[in-house]
Amino acid sequence: MLRSRPRIVVSRHLPDDVEARALRLFDSHLNTGDQRLDSATLHQLAGTADGLLVCLTDRLDAEAIKALPPGVRIVATFSVGYDHIDLGAARARGLVVTNTPDVLTEATADIALLLMLGAARRATEAQTMLREGRWGAWTPTGLLGTHLGGKRLGLVGLGRIGRAFAHRARACGMEIHYHGPRRQPATLEEGAVFHPSLESLLGISDVLSLHAPSTPETRNLIDAAALAALPAGAILVNTARGDLVDDEAVIAALTSGRLRAAGLDVFRGEPQLHPAYVSLPNAFLLPHMGSATEETRAAMGHRCLDNLEAFFAGREPADRIA
Ligand code: DGY
């Protein structure tokens, strides 16, 4: 069938101006009701589509990719992370995949800062006490947190978000250290100290913050042994992916006090999370909202549309990852 405009399926409700542009550019099937689509429904909707605009809530594993109707030639994911898509299977099928780097860097770094401060300054306990009407008089020794100035921030990954968080942490007076697959050039390090091994980084990190992708190699990277290697009373921050940490080990360390506190925005199996987290007063928790600002979510949507537009115009999409 000859079509004047490419047909795309958008799996979730997106900001209004993004949806309006999607309708202008393409024959777009929108999900304005924002129902989470199971793979059978996505597959069915994809029946006559040329491309998909998906989110991290859509799992495109090898089986799902294999089952995609042959007309689907591109998948644009509304995320920088792409652990929900089997890129190997996509390549094998000749499917182009794009993501949304850059545009969510600052928003996610802001959330990392919020998590670090919330954990260091006992925000969960303070909020609960206040909201439950248990705030007595101001006391000189109540709800004492820990100061960040002069402390060492260990970043697992000095990519875009890690660097943006480092800028904020320097403003708090922190010293920046990092570990990653390779040493970054001095212009990107901006004085951060490179540790060739994770063990070395763990040993000095008063606050450890995760900025690595979820891969088979990084799964459970922060396990009981890693937590034991941190200085006693360290703080853990995670804005990356939940499966980088071993939940049981983190919960045990928070319970014993070996970890002073944790600030977590991402969880294994979200939107479910290990039930013990919610009863831990020293866990400051957010529901995966690193990129959740109006500006950022609009920019992410437009980035997806830019990639789709380039692809259907026969150009190389700027954010191609497969
Ligand atoms: C991403 O883009 O990968 C974030 O986790 C959600 O915005």
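One-based numbering, in listed order, for ligands and for the atoms of each.
- Here D306 pairs with R21 in a salt bridge; the nearest charged N to carboxylate O distance falls below 4.0 Å.
- By the criterion of a heavy-atom distance under 4.0 Å, neither the backbone nor the side chain of T108 is placed next to ligand 1.
- Of the heavy atoms in L104, only side-chain atoms (C-beta onward) come closer than 4.0 Å to ligand 1.
- Interface atoms of ligand 1 facing S79, defined by a heavy-atom separation under 4.0 Å, are 1 (C), 2 (O), 3 (O).
- In this structure, Y178 and F194 have tilted ring planes: the angle between them lies in the 30° to 60° band.
- Of all protein heavy atoms, the one lying nearest to atom 7 (O) of ligand 1 is S291 OG, 2.6 Å.
- The single protein non-hydrogen atom nearest to atom 2 (O) of ligand 1 is V80 N, 2.7 Å, given as residue, atom name and distance.
- Aromatic ring centres of F165 and H211 lie closer together than 6.0 Å.
- In this structure, the separation between CG on D110 and OG1 on T239 is 11.0 Å, given to the nearest 0.5 Å.
- Considering T100, N307, D17 as possible partners of H302, the one that fulfils the side chain to side chain donor-acceptor pair (under 3.5 Å) test is D17.
- Residues H167 and R170 are in side-chain contact: their nearest non-hydrogen atoms beyond the backbone lie under 4.5 Å apart.
- Atom 4 (C) of ligand 1 has H288 NE2, 3.6 Å as its closest protein atom, hydrogens excluded (heavy atom only).
- Heavy-atom proximity to R241, at under 4.0 Å, picks out these atoms of ligand 1: 1 (C), 3 (O), 4 (C), 5 (O).
- Ligand-side atoms of ligand 1 in range of G81: 1 (C), 2 (O), 3 (O), range being under 4.0 angstrom from any heavy atom.
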